[in-house]
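Written out below as C-alpha coordinates is the structure these notes cover.
Everything numeric in this text was worked out from a predicted model, so none of it was measured. What you see below is based on every heavy atom in this structure, not just the backbone, and it leaves out hydrogens, waters and symmetry mates.
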Amino acid sequence: MNAAFMGLLRKEWLISRLSFMLITLGLLSVWLISLGFTIYHGQPGIGLVVTTMILGGHIFYIAIFLLSGLIMEGKTQLWLHSPQSAYKILLGKIVTGVYMHLASFSIFILATIVLFEAFPTLENFNYLSLFVSGGFGITAIGIELGLYLLFYWAFYHATGTHPVLGKYKALITLSFAFLLHSLLAYLGDTSVVNFISGLWPLPFENIVGLYFEIANGGGTINPDSIPLTIGYLLLYLFRISIWFLISAWLLEKVVEVK
(Lines give C-alpha, C1' and ligand atoms only; values in the text may rest on other atoms or scores of the structure.)
Protein backbone atom coordinates (compact mmCIF):
# COMPACT_ATOMS: atom_id res chain seq x y z
CA MET A 1 0.00 0.00 0.00
CA ASN A 2 1.79 3.13 -1.20
CA ALA A 3 2.18 6.42 0.62
CA ALA A 4 -0.23 8.26 -1.70
CA PHE A 5 -3.05 5.83 -0.91
CA MET A 6 -2.27 6.00 2.82
CA GLY A 7 -2.53 9.77 2.46
CA LEU A 8 -6.00 9.36 0.94
CA LEU A 9 -7.07 7.19 3.87
CA ARG A 10 -5.75 9.75 6.33
CA LYS A 11 -7.61 12.54 4.49
CA GLU A 12 -10.85 10.55 4.59
CA TRP A 13 -10.42 9.92 8.30
CA LEU A 14 -9.70 13.58 9.07
CA ILE A 15 -12.78 14.84 7.21
CA SER A 16 -15.02 12.05 8.58
CA ARG A 17 -13.92 11.62 12.18
CA LEU A 18 -16.27 14.26 13.59
CA SER A 19 -19.27 12.67 11.87
CA PHE A 20 -18.15 9.23 13.06
CA MET A 21 -17.89 10.41 16.66
CA LEU A 22 -21.22 12.25 16.57
CA ILE A 23 -23.06 9.28 15.04
CA THR A 24 -21.46 6.83 17.48
CA LEU A 25 -22.23 9.04 20.48
CA GLY A 26 -25.78 9.57 19.22
CA LEU A 27 -26.40 5.83 18.88
CA LEU A 28 -24.79 5.19 22.27
CA SER A 29 -27.07 7.82 23.80
CA VAL A 30 -30.11 6.08 22.32
CA TRP A 31 -28.85 2.75 23.62
CA LEU A 32 -28.17 4.14 27.11
CA ILE A 33 -31.67 5.68 27.23
CA SER A 34 -33.15 2.30 26.25
CA LEU A 35 -31.01 0.67 28.95
CA GLY A 36 -32.39 3.15 31.49
CA PHE A 37 -35.97 2.30 30.50
CA THR A 38 -35.05 -1.38 30.61
CA ILE A 39 -33.77 -1.10 34.19
CA TYR A 40 -36.61 1.17 35.34
CA HIS A 41 -39.40 -1.03 33.95
CA GLY A 42 -37.60 -4.32 34.47
CA GLN A 43 -38.30 -5.22 30.84
CA PRO A 44 -35.12 -6.39 29.06
CA GLY A 45 -37.09 -6.61 25.83
CA ILE A 46 -36.85 -2.81 25.51
CA GLY A 47 -33.07 -2.86 25.38
CA LEU A 48 -33.14 -5.97 23.20
CA VAL A 49 -35.28 -4.29 20.53
CA VAL A 50 -33.13 -1.16 20.44
CA THR A 51 -29.88 -3.16 20.39
CA THR A 52 -31.11 -5.33 17.51
CA MET A 53 -32.22 -2.28 15.53
CA ILE A 54 -28.84 -0.58 16.00
CA LEU A 55 -26.85 -3.67 15.02
CA GLY A 56 -29.07 -4.41 12.02
CA GLY A 57 -29.07 -0.75 11.02
CA HIS A 58 -25.32 -1.00 10.40
CA ILE A 59 -26.25 -2.48 7.01
CA PHE A 60 -26.77 1.13 5.87
CA TYR A 61 -23.64 2.56 7.55
CA ILE A 62 -21.26 2.33 4.58
CA ALA A 63 -23.89 3.57 2.10
CA ILE A 64 -24.59 6.65 4.25
CA PHE A 65 -20.86 7.28 4.68
CA LEU A 66 -20.26 7.09 0.91
CA LEU A 67 -23.25 9.31 0.13
CA SER A 68 -22.13 12.03 2.53
CA GLY A 69 -18.60 11.87 1.11
CA LEU A 70 -19.82 12.08 -2.48
CA ILE A 71 -22.05 15.06 -1.69
CA MET A 72 -19.07 16.82 -0.10
CA GLU A 73 -16.89 16.09 -3.15
CA GLY A 74 -19.59 17.50 -5.40
CA LYS A 75 -19.82 20.72 -3.41
CA THR A 76 -16.11 21.37 -2.93
CA GLN A 77 -14.94 20.20 -6.39
CA LEU A 78 -11.81 18.74 -4.73
CA TRP A 79 -12.39 15.61 -6.80
CA LEU A 80 -11.48 17.41 -10.01
CA HIS A 81 -8.22 18.79 -8.62
CA SER A 82 -6.88 15.62 -7.00
CA PRO A 83 -3.78 14.04 -8.63
CA GLN A 84 -5.16 10.61 -7.68
CA SER A 85 -7.32 8.55 -10.02
CA ALA A 86 -11.04 8.11 -9.39
CA TYR A 87 -10.31 4.44 -8.66
CA LYS A 88 -8.00 5.30 -5.77
CA ILE A 89 -10.25 8.05 -4.45
CA LEU A 90 -13.29 5.78 -4.39
CA LEU A 91 -11.34 2.87 -2.93
CA GLY A 92 -10.09 5.17 -0.17
CA LYS A 93 -13.66 6.15 0.68
CA ILE A 94 -14.80 2.52 0.71
CA VAL A 95 -11.91 1.33 2.90
CA THR A 96 -12.51 4.19 5.35
CA GLY A 97 -16.23 3.46 5.43
CA VAL A 98 -15.57 -0.23 6.11
CA TYR A 99 -13.23 0.28 9.06
CA MET A 100 -15.51 2.92 10.59
CA HIS A 101 -18.43 0.53 10.16
CA LEU A 102 -16.48 -2.28 11.85
CA ALA A 103 -15.41 0.00 14.70
CA SER A 104 -19.01 1.08 15.31
CA PHE A 105 -20.33 -2.48 14.99
CA SER A 106 -17.73 -3.68 17.52
CA ILE A 107 -18.79 -1.02 20.02
CA PHE A 108 -22.39 -2.19 19.87
CA ILE A 109 -21.40 -5.85 20.10
CA LEU A 110 -19.84 -4.88 23.44
CA ALA A 111 -23.08 -3.07 24.35
CA THR A 112 -24.98 -6.24 23.46
CA ILE A 113 -22.76 -8.31 25.74
CA VAL A 114 -23.36 -5.83 28.59
CA LEU A 115 -27.12 -6.09 28.08
CA PHE A 116 -27.17 -9.89 28.06
CA GLU A 117 -24.85 -10.19 31.05
CA ALA A 118 -26.90 -7.68 33.04
CA PHE A 119 -30.23 -9.46 32.49
CA PRO A 120 -30.16 -13.23 33.13
CA THR A 121 -33.64 -13.66 31.61
CA LEU A 122 -32.13 -12.94 28.19
CA GLU A 123 -30.98 -16.20 26.66
CA ASN A 124 -27.27 -16.55 26.07
CA PHE A 125 -26.04 -16.77 22.51
CA ASN A 126 -22.70 -17.09 20.77
CA TYR A 127 -21.17 -13.61 21.00
CA LEU A 128 -18.17 -14.58 18.88
CA SER A 129 -20.42 -15.93 16.13
CA LEU A 130 -22.45 -12.72 16.08
CA PHE A 131 -19.30 -10.62 15.94
CA VAL A 132 -17.51 -12.64 13.24
CA SER A 133 -20.38 -13.93 11.09
CA GLY A 134 -22.65 -10.96 11.76
CA GLY A 135 -19.83 -8.51 11.19
CA PHE A 136 -18.91 -10.23 7.93
CA GLY A 137 -22.46 -10.60 6.64
CA ILE A 138 -23.71 -7.14 7.55
CA THR A 139 -20.48 -5.55 6.30
CA ALA A 140 -20.72 -7.44 2.99
CA ILE A 141 -24.31 -6.30 2.46
CA GLY A 142 -23.33 -2.76 3.47
CA ILE A 143 -20.49 -2.65 0.93
CA GLU A 144 -22.78 -3.81 -1.86
CA LEU A 145 -25.48 -1.30 -0.93
CA GLY A 146 -22.83 1.42 -0.86
CA LEU A 147 -21.57 0.43 -4.30
CA TYR A 148 -25.12 0.39 -5.69
CA LEU A 149 -25.49 3.93 -4.42
CA LEU A 150 -22.10 4.90 -5.83
CA PHE A 151 -23.00 3.50 -9.24
CA TYR A 152 -26.30 5.34 -9.46
CA TRP A 153 -24.71 8.57 -8.21
CA ALA A 154 -22.16 8.30 -11.02
CA PHE A 155 -24.86 7.35 -13.55
CA TYR A 156 -26.97 10.33 -12.46
CA HIS A 157 -24.09 12.77 -12.99
CA ALA A 158 -23.03 11.12 -16.24
CA THR A 159 -26.57 11.50 -17.59
CA GLY A 160 -26.48 15.14 -16.53
CA THR A 161 -23.58 15.84 -18.88
CA HIS A 162 -25.77 15.15 -21.93
CA PRO A 163 -27.36 18.36 -23.27
CA VAL A 164 -30.81 16.76 -23.73
CA LEU A 165 -30.92 13.84 -21.29
CA GLY A 166 -29.56 16.07 -18.53
CA LYS A 167 -32.95 17.75 -18.17
CA TYR A 168 -34.49 14.42 -17.16
CA LYS A 169 -31.55 12.85 -15.32
CA ALA A 170 -33.49 12.08 -12.14
CA LEU A 171 -36.31 10.33 -14.00
CA ILE A 172 -33.86 8.48 -16.25
CA THR A 173 -31.80 7.30 -13.27
CA LEU A 174 -34.88 6.04 -11.38
CA SER A 175 -36.22 4.27 -14.48
CA PHE A 176 -32.83 2.72 -15.21
CA ALA A 177 -32.50 1.55 -11.59
CA PHE A 178 -35.93 -0.11 -11.71
CA LEU A 179 -35.19 -1.90 -14.99
CA LEU A 180 -31.68 -2.93 -13.99
CA HIS A 181 -32.69 -4.38 -10.64
CA SER A 182 -35.65 -6.16 -12.20
CA LEU A 183 -33.17 -7.79 -14.58
CA LEU A 184 -30.74 -8.59 -11.75
CA ALA A 185 -33.54 -10.13 -9.67
CA TYR A 186 -34.47 -12.32 -12.64
CA LEU A 187 -30.87 -13.37 -13.29
CA GLY A 188 -30.28 -13.98 -9.60
CA ASP A 189 -32.98 -16.65 -9.57
CA THR A 190 -31.77 -18.56 -12.62
CA SER A 191 -30.55 -22.14 -12.36
CA VAL A 192 -27.01 -21.17 -13.36
CA VAL A 193 -26.62 -18.59 -10.60
CA ASN A 194 -28.23 -20.89 -8.03
CA PHE A 195 -25.85 -23.67 -9.09
CA ILE A 196 -22.77 -21.44 -8.75
CA SER A 197 -24.02 -20.10 -5.39
CA GLY A 198 -24.16 -23.63 -4.01
CA LEU A 199 -20.65 -24.66 -5.06
CA TRP A 200 -18.03 -25.60 -2.48
CA PRO A 201 -19.81 -25.13 0.88
CA LEU A 202 -17.80 -23.74 3.78
CA PRO A 203 -18.29 -24.64 7.46
CA PHE A 204 -19.67 -21.15 8.18
CA GLU A 205 -22.98 -19.35 8.12
CA ASN A 206 -23.37 -15.95 6.47
CA ILE A 207 -25.57 -13.75 8.67
CA VAL A 208 -27.70 -11.53 6.44
CA GLY A 209 -29.92 -10.00 9.12
CA LEU A 210 -30.88 -9.99 12.78
CA TYR A 211 -34.23 -10.33 14.50
CA PHE A 212 -35.28 -10.56 18.12
CA GLU A 213 -37.63 -12.84 20.03
CA ILE A 214 -39.26 -11.90 23.32
CA ALA A 215 -41.13 -14.41 25.48
CA ASN A 216 -42.02 -14.65 29.18
CA GLY A 217 -40.01 -11.60 30.19
CA GLY A 218 -36.90 -12.82 28.41
CA GLY A 219 -35.64 -12.91 24.90
CA THR A 220 -32.72 -13.26 22.58
CA ILE A 221 -31.24 -12.01 19.30
CA ASN A 222 -31.47 -14.53 16.47
CA PRO A 223 -29.41 -14.31 13.30
CA ASP A 224 -31.00 -14.76 9.89
CA SER A 225 -28.32 -16.70 8.05
CA ILE A 226 -27.62 -18.64 4.88
CA PRO A 227 -24.93 -21.26 4.18
CA LEU A 228 -21.68 -19.69 3.06
CA THR A 229 -20.05 -21.14 -0.05
CA ILE A 230 -17.03 -20.29 -2.18
CA GLY A 231 -19.38 -19.97 -5.15
CA TYR A 232 -21.44 -17.35 -3.31
CA LEU A 233 -18.27 -15.42 -2.42
CA LEU A 234 -17.05 -15.49 -6.03
CA LEU A 235 -20.37 -14.12 -7.30
CA TYR A 236 -20.32 -11.45 -4.59
CA LEU A 237 -16.77 -10.37 -5.48
CA PHE A 238 -17.71 -10.28 -9.16
CA ARG A 239 -20.74 -8.06 -8.47
CA ILE A 240 -19.00 -5.52 -6.28
CA SER A 241 -16.00 -5.37 -8.65
CA ILE A 242 -18.28 -4.57 -11.59
CA TRP A 243 -20.13 -1.83 -9.65
CA PHE A 244 -16.85 -0.32 -8.48
CA LEU A 245 -15.07 -0.38 -11.83
CA ILE A 246 -17.99 1.03 -13.82
CA SER A 247 -18.59 3.77 -11.23
CA ALA A 248 -14.94 4.80 -11.19
CA TRP A 249 -14.81 4.80 -15.00
CA LEU A 250 -17.91 7.00 -15.23
CA LEU A 251 -16.50 9.47 -12.75
CA GLU A 252 -13.04 9.57 -14.30
CA LYS A 253 -13.93 9.59 -18.01
CA VAL A 254 -17.40 11.08 -18.27
CA VAL A 255 -18.46 13.08 -15.26
CA GLU A 256 -17.57 16.62 -14.31
CA VAL A 257 -18.88 16.55 -10.78
CA LYS A 258 -21.39 19.30 -10.15
If you group Ile, Leu, Val, Met, Phe, Trp and Tyr by side-chain heavy-atom gaps below 4.5 Å, do Leu245 and Leu180 land in one group?
-> yes

Hydrophobic cluster identity match, Ile141 and Leu184, side-chain contacts under 4.5 Å
yes

Any Ile109 side-chain heavy atom under 4.5 Å of Leu55 side chain: yes

- Query: Given side chains that start at C-beta, do those of Trp200 and Thr229 come closer than 4.5 Å, heavy atoms only?
  - Reply: no

- Show your reasoning for whether ring-ring contact (aromatic ring centres under 6.0 Å, His included) applies to His181 and Tyr152. CA-CA 12 Å; His181 281 278; Tyr152 289 118; 5.6 Å; yes

The residue among Thr139, Ile143, Thr96, Ile64 that forms side-chain contact (heavy atoms from CB on, under 4.5 Å) with His101 is Thr139

Partner of Glu144 under side-chain contact (heavy atoms from CB on, under 4.5 Å), picked from Ile62, Ile59, Ile240, is Ile240

**Study point:** Chi angles and distances behind the side-chain contact (heavy atoms from CB on, under 4.5 Å) call for Lys169, Phe155
**Key:** CA-CA 9 Å; Lys169 58 184 179 180; Phe155 181 87; over 6 Å; no

Nearest heavy-atom contact between Thr173 and Tyr156 is OG1-CA, 3.5 Å

Heavy-atom nearest pair, Ala154 first then Ser247, reads CB-O, 3.9 Å

Can you tell me if [X] has over 12 outside heavy atoms packed within less than 6.0 Å of its [atom1]?
X      : atom1 : value
Phe60  : CZ    : no
Tyr168 : OH    : no
Phe37  : CZ    : no

Across all chains, not counting sequence neighbours, the ring-ring contact (aromatic ring centres under 6.0 Å, His included) partners of Tyr236 are none

Discussion item. Using a 3.5 Å distance criterion without hydrogens, assess whether the side chain of Ser104 forms a donor-acceptor pair with backbone atoms of Met100.
Written reply: no

Any chance you could measure [X], atom [atom1], to [Y], atom [atom2], to the nearest 0.5 Å?
X      : Y      : atom1 : atom2 : result
Leu67  : Leu150 : CG    : CG    : 10.5 Å
Leu102 : Ile138 : CG    : CD1   : 10.5 Å
Phe176 : Phe151 : CZ    : CZ    : 4.0 Å
Leu149 : Leu145 : CG    : CG    : 9.0 Å

Anything under 3.5 Å between a donor and an acceptor, one on a side chain of residues 20-36, the other on a protein residue two or more places apart or in another chain? List them.
from: Thr24; atom 1: OG1; to: Phe20; atom 2: O; distance (Å): 2.8
from: Ser29; atom 1: OG; to: Leu25; atom 2: O; distance (Å): 2.8
from: Trp31; atom 1: NE1; to: Thr51; atom 2: OG1; distance (Å): 2.9
from: Ser34; atom 1: OG; to: Trp31; atom 2: O; distance (Å): 2.6

